[in-house]
Structure formats: C-alpha cells, structure tokens
Amino acid sequence: MKIWSTEHVFSYPWDTVIKAAMRKYPNPMNPNVVGVDVLDRGLDREGRLHSHRLLSTEWGLPGIVRAIMGTSHTRTYVKEHSIVDPEEKTMELCSTNITLTNLVSVDERLIYRPHPDNPNVTVLTQEAIITVKGVSLSSYLEGMMALRMSANARKGWDAIEWIIQNSERDNPLCDLY
Amino acid sequence: MNSVGEGCTDLKREYDQCFNRWFAEKFLKGDRSGDPCTEMFKKYQHCVQKAIKEKDIPIDGVEFMGPNKDKPGG
C-alpha cells in the first residue's frame, strides 16, 4: 500500500474553481477520461449537492505492466462521489476504481477550499491510497503508480485552469451554452 | 464528453447543459431551489442504466468509500 498526497493553489476564487471542477471533462490534459455519467444527484437536508458519477477511463499502462497483470483490458471504470457545500465553501470528492479491483485499487480524495487568508485563491488538497494486489512486484508497481499520480495531479490542475480560461472566453453578447 | 452508453450522449449533453447552468447561476449563488433538469435527468438515467447493465459494469458490487466514511488504514 502506498499513500500519496499533495496540495495545489489555484489563483482563482472558490466559485470559479468549483464551476470548472464540475465540468472538468473533456479537457486536453486528461484524454484518458473517455466518458462521464451522472448516476445519481441530489441535495441533502443541509443544502449540499451530492453527485455520484461514473468515469470511463482508458489506462495507458506500459506493456510490461499489462503483461505482469495479465490483462489487456485497459478500459477501467471509476466511481466518484462529490459533495459541494455552497455555504461552507467546500467541495469534497472521493473516487475509487470499480473494475480491475482484483489487481489494483486506487482510492482518491480531493478537497477544494478557499485559502484561509485569501478568499481570491483556492487550495486543493489531494490524497490517494494505491494498493496493488497479489503481484510479486507490487511495491515496484505501487511506486510507479504513485509517480503516475503526481503526473496526473499536475494534468488535473492544468485542466481546471484550462476550463476556467476557456469558459471565460464565452461571448458576453450571446447566451449560448 | 461522451456517455458510457453510445446512444445516451445526446441526452447527457442536454442534461449537462441544464445542470451546469443551474449550478453556476442558482446553486452557487445561494438559491436553495432544486435544479429544473429532473425530466431530462430521468430520460438520460434510463438510457445510462440500460447501458451499464449491457456492459456489465459493477456499479453496485463494490463498496464505495464515500466522503463520510473513514478509509481503512487511511
């Protein structure tokens, strides 16, 4: 098991970042996410929005890993639960893979909050637990996947920035969505 | 963005547009009324559930670590 965590600061207010986070896909930085579906969504008694989503992803695993894992199935499904609290200004997102679970599990948790000292910037804290099962090279693979997490985290931040910049280019004269 | 069900993508996009507008213009601004996209969501949902069954995606068979649950060893 490997635990990985990181923190990132976006130079945008929380609302802007959350809007982008909710419609993060598609973006050029995460071409591996090929489908996103909402399975369930609703407000709870505290007025928080819960969304359960299914992400369809295409894993670009190196050939050697595919060989070790004995699978050519690179289509993996991830289930994601997010809670947006508009009063507390937090967004918490948890995700876990629901296929290939006999080989590997990747549990991820992200929290977006306004910076405590500066409401114009947003802090994302991100952690993941990676467990590769039943493989003699599991610690090597876990280390490799942790490296991949870091690369993917950067892509995720870039994606949010990309969405923000592109959504701000909407034509203010027209109300076309 | 595509749906997991090839035939559901149009329904999904229609729903996403409706939801994103409500999310940005109402929900984040403190309006507590629910989203007006329920009918679109039902149609889209129906389509997705069918696709999930056809593709045998185990959405219920896995214990899901929701944000309110503690992670073992975490």
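Lettering follows sequence order; numbering is per chain, from 1.
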For B:K50, check salt bridge (charged side-chain N to carboxylate O under 4.0 Å, His left out) against everything at least two apart and list the hits. none
Can you name the residues that form a salt bridge (charged side-chain N to carboxylate O under 4.0 Å, His left out) with A:R53, not counting sequence neighbours?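 Checked A:R53 against salt bridge (charged side-chain N to carboxylate O under 4.0 Å, His left out); matches are A:E80.
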Which one of A:V84, A:V38, A:V33, A:V34 has the most heavy-atom pairs closer than 4.5 Å to chain B? A:V38
Most heavy-atom pairs under 4.5 Å with chain B, out of A:D40, A:L43, A:V36, belong to A:V36
Side chain, backbone, both or neither: which part of A:E87 has a heavy atom under 4.5 Å from chain B?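 Side chain only.
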Of the backbone (N, CA, C, O) and the side chain (C-beta and beyond), which part of [X] lies under 4.5 Å from a heavy atom of chain A, both, or neither?
X	result
B:L28	both
B:F27	both
B:V48	side chain

Dump the intermediate steps for side-chain contact (heavy atoms from CB on, under 4.5 Å) on A:V106 and A:T96, then the final yes or no. CA-CA 6 Å; A:V106 181; A:T96 191; over 6 Å; no
Would you call A:R48-A:E92 a salt bridge at under 4.0 Å N-O?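 No, A:R48 and A:E92 are not salt-bridged.
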Is it true that B:K55 and B:E6 make a salt bridge, defined as a side-chain N closer than 4.0 Å to a carboxylate O? yes
Inspect the surroundings of CD in A:E88 and state if more than 12 heavy atoms from other residues, nucleotides or ligands are less than 6.0 Å away.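 12 or below, so no.
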Applying a heavy-atom distance below 4.5 Å, give me the residues of residues 34-41 of chain B that approach chain A, sorted by number. B:G34, B:F41
Apart from A:V121 itself, what residues make up its hydrophobic cluster when side-chain heavy atoms of I, L, V, M, F, W and Y under 4.5 Å apart count as a link, directly or indirectly? A:V9, A:V123
Assess, by modelled atom type and distance only, whether the side chains of A:T90 and A:R113 contain a donor and an acceptor separated by less than 3.5 Å.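 Note: A:T90 and A:R113 side chains miss the donor-acceptor criterion.
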